[in-house]
Amino acid sequence: MSNVPLIVEGETGTGKEVLAESLHDQGPRAREPFTVFDCTAVPPNLVEAALFGHERGAFTGATELRQGVFEQAHGGTLLIDEIGDLELELQAKLLRAIERSEVRRIGGKQWIRVDVRIIAATRRNLDEEVAAGRFRDDLFYRLAVARLELPPLRNRTGDIQLLAGHFWNRLAGTKMPIGDDFLAQLEGYSWPGNVRELQNTVARRVVLGDLIGGEALAPPSSRNLRPVPPIDGGASTQRSTRPSDPGDVIADVIACGLPLPRARERVLEAFERRYVKHLVDKHRGNVARAAAASGVALRYFQVLRARTKRREEGT
Ligand SMILES: Nc1ncnc2c1ncn2[C@@H]1O[C@H](COP(=O)(O)OP(=O)(O)OP(=O)(O)O)[C@@H](O)[C@H]1O
């Protein structure tokens with residue numbers, strides 16, 4: 001089975017990459033590279049070079065020779081993510097590379113042999129794509145030797161407790177229990193962003209504790225995603241209030257006219273920033289001591305600290 005191409009289908013965040021990597025890790029190619037290429041991550045005109053590589057001077061900007069992901073994955077597994085978004089012309093070139101197990105770099109003359117197991121992932125329904133003429137049927141049949149579908153999290157609610165417990169223990173440690181109310185909230189939500197969203201929600205809860213309420217689980221579309229002016233020392237703030245005064249931070253946030261969940265989040269961001277800074281300063285930069293004093297796992301404290309720093313830097 002280890003050389004058999006495989007298609008993994010499922011909505012975004014269902015764990016397609018996790019599955020592909022664990023298949024690689026458990027197979028005989030485990031010691032060889034596991035390479036991921038996302039067809040939507042580079043502009044369409046650069047996909048071919050990313051897949052097959054290019055010689056030096058092959059096109060403007062090709063200042064040096066570069067291997068493509070096929071060559072990089074030689075001996076191992078190549079996960080081609082979002083294959084359903086690949087243009088038809090490239091689908092033909094991909095099919096050729098898979099069928100003949102060889103690639104030619106752009107601007108190159110020779111064909112290079114590659115031994116790669118292909119796993120193709122997509123959030124699209126490939127049967128529909130083939131029927132609509134957007135996906136080549138010959139490539140589809142070449143890849144669909146084995147096919148797996150990862151159901152959305154809302155159709156496998158039994159997994160929520162397991163996954164949430166796993167993320168919680170990893171971030172908060174096992175001493176802090178996850179809490180039945182919170183679990184019940186998680187199990188009652190529809191998870192449009194699937195496991196990725198669940199992971200983020202658990203991380204937020206670990207950070208914010210009981211301060212996050214049920215509205216944190218509202219679908220993203222109903223959240224206010226408008227950028228709001230930075231508070232508490234943000235460089236571009238034009239407000240005259242002193243950032244060190246918590247009362248003023250709250251007044252600032254209220255004045256922004258945000259909906260309650262977003263407003264609460266802004267206050268908490270300001271609080272986290274001050275809290276972390278205070279403890280790290282108090283322990284003269286010793287993060288392990290600061291974390292111990294805060295009562296949360298060191299790893300979580302580090303995540304929190306990195307996040308508050310990123311916010312300060314506006315990234
Ligand atoms: N079974 C699992 N156990 C632990 N973590 C998981 C699991 N499934 C998914 N995740 C986590 O959820 C996030 C999304 O997973 P992954 O990237 O594999 O999803 P995907 O289906 O490939 O998403 P996309 O289509 O957006 O690329 C990752 O952070 C991953 O670590």
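One-based numbering, in listed order, for ligands and for the atoms of each.
The other residues sharing a hydrophobic cluster with V36 are L6, V8, L19, L23, F34, L79, I119, L148, L150, where clustering joins ILVMFWY side chains under 4.5 Å apart.
Applying the side-chain hydrogen bond (donor to acceptor under 3.5 Å, both in side chains) test to R136 and every residue at least two apart in sequence or in another chain returns D138.
Contact detail for E128 and R134: the closest heavy-atom pair is O-NH2, 4.5 Å.
Summarising the local packing, CZ of R124 is surrounded by more than 12 heavy atoms from other residues, nucleotides or ligands at distances under 6.0 Å.
The distance from the CZ atom of R105 to the CD atom of E71 is 4.0 Å, given to the nearest 0.5 Å.
Residues in residues 53-91 take part in these ring-ring contact (aromatic ring centres under 6.0 Å, His included) pairs, two or more places apart or across chains: F52-F70, H54-F59.
Around ligand 1 you find E11, T12, G13, T14, G15, K16, E17, V18, D81, E82, L163, F167, V195, R196, Q199, each with a heavy-atom distance below 4.0 Å.
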